[in-house]
Amino acid sequence: MESRLARAVIKGGTVVTLVFLYAPLVILALYAFNESVTRAWPPELWTTKWFAAAWRDPDLRPALAGSIQAAVGATLIALVLGSCAAFAVHRFRFFGRETISFALVLPIALPGIVTAIALSSAIDFGHSAFGLTFSVWTIIVGHATFCIVVVFNNVIARLRRTPTSLVEASMDLGADGWQTFRYVTLPSIRTALVAGGLLAFGLSFDEIVVTNFTAGSKLTLPIWIFNNVRQPRQQPVVNAVALVLMLLSIVPVYLAQRLTGGVEQVPAPRRAAGAPAPVAALEETGPR
Amino acid sequence: MAVTHATAKSGAVRRVSAALFRRPAAKLALLLGPPLLWMVLVYLTALSLLLVTSFWRLNELTSEIERVWGLRNFETLWGGSVYRTITLRTAGMAAAVTVTDLALAFPIAYYAARMATPRIRSALLLAVTLPLWSNYLIRVFSWRIITAGEGPLQSFLGVFGIHRSLAASNWAVWLTFCYLWLPFAILPVYAALERLPGSLLEASSDLGAKGWMTFRSVVVPLVFPGLAAASIFTFSLTLGDYITPTLVGKGFFIGNAIFNLVGLASNLPLAAAFAMVPVVIMAIYLTAARRLGAFEAL
């Protein structure tokens, strides 16, 4: 169908795009082993001193711990609230049902900075009203708010694909509501919960904009990176940390691939920019 | 079935289940209550507070927020040429990134959807989504390295006889944005191309259309909703980002302006008013995209 020229152009364009997607990651990896502090090309390879410097950095480990605390807390809250909302919307008909998913997607649909200053001014207000202070808990509350929607989307997509006849059969066979949930519903949505949880964890672990405004003096890994990137002498250390994080990010991909039986999940866009609403829809109908 | 093993356990759990089964309204309240309460208490309250603040004003002398209603902040935004320049620069950047990403997305999406074998197709899709899993800040940081003075990009451009540094420029911001959002552009275009019936392309060439004509009058109109959907991502993501301009550029974008209004000037009312600008722009954009059928393409 396509002419030979068109095929050549398309193949060429494919290669260009692939190079564009991966060249930055390769360059990042190379510079992690650069002897010099400057970023002049070509890098002076090879040294591992920056990894050692990162290991000795006094702020890095508290930052990592802070990120994990925030991500675990936000993921747990999102799992509970997101599944509750998904069940309510899927099983019941009620007034305002359509606006639920809209309200849930709003924190992701609006630009991140809008959500961020809304939450930070609310915390300021809470401070003067009843002594609320910035801590890891304010980060968790902020992150959970935009993580709920990813769990909601994954669970409701799964519920829609699961026939309700299974639940009816279970009830007919004499199981009560709890048993039906425990032995029929939960197994059928388990992988959706895992996928939603992984996405929520990743979303929270990476988040910088809302975190910047809700963290106070608490450090997280993105805040550590953001602070250190702008200090020229610290750049190689950030570079080493970046390479390690990049390699670690293969873990959730591998887990998601294994646990969902090769079902491909599109990760939610990074909060830093405030992702648009349709991303949520993409997760539901995206490549499977 | 596992169910039969568990029937012996009755008592309290069973009574609660039965009670809930008889009262669906209670069950609904139990399920919907917590998430709804969370969203209203944490988020919608904060958001309404922000909206209200945008109509209050800052007393320049005392730096206190005066709870006086008025449109002064919006008048400042409308009248101040600085804010208009920043808004236009941001919208222009978003448009440039969108066009570039669509151009970069089309070939690989077409190849994956219509030319590749199933194995290569899934490998390509994985290759497109994989960078999304690595940290956003790290991907911005990699472009800070690339665009640094005397860095990789400068030597690369030197091969073509262009001897200038793009460090801390709008060019660097443009490249970084294009890089960051490219996967979000590829996926909807791929989905649209995959749904394109091959028979229409054959019919077009049977009727004598050459490749270019088929592309222009058959392919583009049919995948247009997909392109519009992709543009929603690239456009809105660019509109709200202030980290990228901070790390690889030096020009001010809407996000930077809001950030500084909150942080340095502590003029929350004006910041809140300015935050409404990207929201309004996106509302207009989404309405237009909906007309073009972008939502069916997702």
Side-chain angles (χ1 to χ4, degrees), chain A residues 1-3 6 10 13-14 17 21 24 27-28 31 39-41 81 84-85 87-88 92 94 103 107 110-114 117-119 121-122 141 145 170 173-179 183 206 208 222 225-226 229 242 245-246 249 253 266-267 269-270 272-276 278 281-282 287, chain B residues 2-3 6 13-14 17 20-21 28 31-32 34-35 38-39 42-43 46-47 49-50 104 107-108 110-111 125 129 131-138 141-143 145-146 148 150-152 155 179 184 201 205 211 232-233 236-237 239-243 247 255 258 262 268 271 275 278-279 298:
Chain A
M1 261 175 296
E2 299 91 2
S3 69
I10 289 165
T14 306
T17 302
L21 279 175
I27 288 172
L28 182 91
Y31 272 97
R39 318 268 84 185
W41 180 265
L81 297 182
C84 279
F87 274 102
F92 296 92
F94 52 89
L110 292 179
I113 184 106
V114 176
I117 60 173
L119 287 175
S121 58
V141 169
T145 303
S170 159
L173 291 167
D176 61 36
W178 167 250
Q179 287 167 333
Y183 296 104
D206 267 9
I208 174 78
I225 295 176
F226 190 64
V229 159
L245 277 181
M246 205 172 75
S249 70
V253 180
V266 180
R270 293 305 166 234
L282 193 73
Chain B
V3 176
V13 175
R14 197 168 183 114
S17 313
L20 282 177
F21 181 75
L28 174 63
L31 281 174
L32 197 58
W38 181 281
M39 287 314 284
V42 175
Y43 193 60
L47 212 57
L49 213 65
L50 189 71
L104 283 171
I108 191 170
Y110 194 94
Y111 186 80
L125 287 177
T129 48
L132 290 180
W133 286 94
S134 60
N135 190 298
Y136 158 86
L137 269 176
I138 290 175
F141 175 64
S142 71
W143 279 93
I145 298 178
I146 293 169
E150 308 292 322
S155 349
Y179 175 73
F184 297 118
L201 301 185
S205 75
I232 296 174
F233 296 107
S236 85
L237 288 166
L239 219 50
D241 194 328
Y242 75 90
I243 302 287
L247 292 187
I258 298 173
V262 178
L268 188 62
V279 176
L298 280 172

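Naming: A, B, ... by sequence-line order, numbering from 1 per chain. Bear in mind the structure is a predicted one, so any value in this text is a computation, not a measurement.
Considering every non-hydrogen atom in both A:S121 and B:L268, the closest pair reads CB-CD2, 3.5 Å.
Here the side chains of B:Y110 and A:T14 are not in contact, with every heavy-atom distance at 4.5 Å or above. Inter-residue side-chain proximity for B:M39 and A:T145 is flagged as met; some heavy-atom pair is nearer than 4.5 Å. At a threshold of 4.5 Å between non-hydrogen side-chain atoms, the residues B:I138 and A:D206 do not count as touching. With contacts defined as side-chain heavy-atom distances shorter than 4.5 Å, the pair A:P111/B:L239 does not qualify.
With a 4.5 angstrom heavy-atom cutoff, B:L28 touches chain A via backbone and side-chain atoms both. Using a 4.5 Å cut-off between heavy atoms, B:L32 contacts chain A through both its backbone and its side chain. Within the 4.5 angstrom heavy-atom criterion, atoms from both the backbone and the side chain of A:F87 approach chain B. In this structure, chain B has heavy atoms under 4.5 Å from both the backbone and the side chain of A:F226. With a threshold of 4.5 angstrom between heavy atoms, A:A85 approaches chain B through its backbone and through its side chain. Interface residue A:L21: backbone and side-chain heavy atoms are both found under 4.5 Å from chain B. Heavy atoms of B:L247 lying under 4.5 Å from chain A belong exclusively to its side chain. Proximity to chain A is limited to the side chain of B:V262, based on heavy atoms less than 4.5 angstrom apart.
Annotation: side chain to side chain contact (heavy atoms under 4.5 Å, CB included) contacts of B:A148 (sequence neighbours excluded): A:R39. Taking B:Y179 as the reference, A:F20, B:W143 meet the ring-ring contact (aromatic ring centres under 6.0 Å, His included) condition, with sequence neighbours excluded.
Counting heavy-atom pairs under 4.5 Å between each of A:G13, A:P24, A:A122 and chain B puts A:P24 at the top. Looking only at heavy-atom pairs under 4.5 Å with chain B, the residue among A:A118, A:A6, A:P222 that has the most is A:A118.
In this structure, CG in A:L81 is found 11.5 Å from CG in B:L31, a value given to the nearest 0.5 Å. Atom CD1 of B:I108 and atom CD1 of A:I10 lie 12.0 Å apart (nearest 0.5 Å). Rounding to the nearest 0.5 angstrom, the gap separating the CZ atom in B:F141 from the CG atom in A:L245 is 11.5 Å. Atom OH of residue B:Y242 and atom CD1 of residue A:I113 lie 5.0 Å apart, to the nearest 0.5 angstrom. Expressed to the nearest 0.5 Å, how far CD1 of A:I225 lies from CG of B:L137 amounts to 5.5 Å.
For A:T17 (side chain) and B:L104 (main-chain N/O), a donor-acceptor pair under 3.5 Å exists by modelled atom type.
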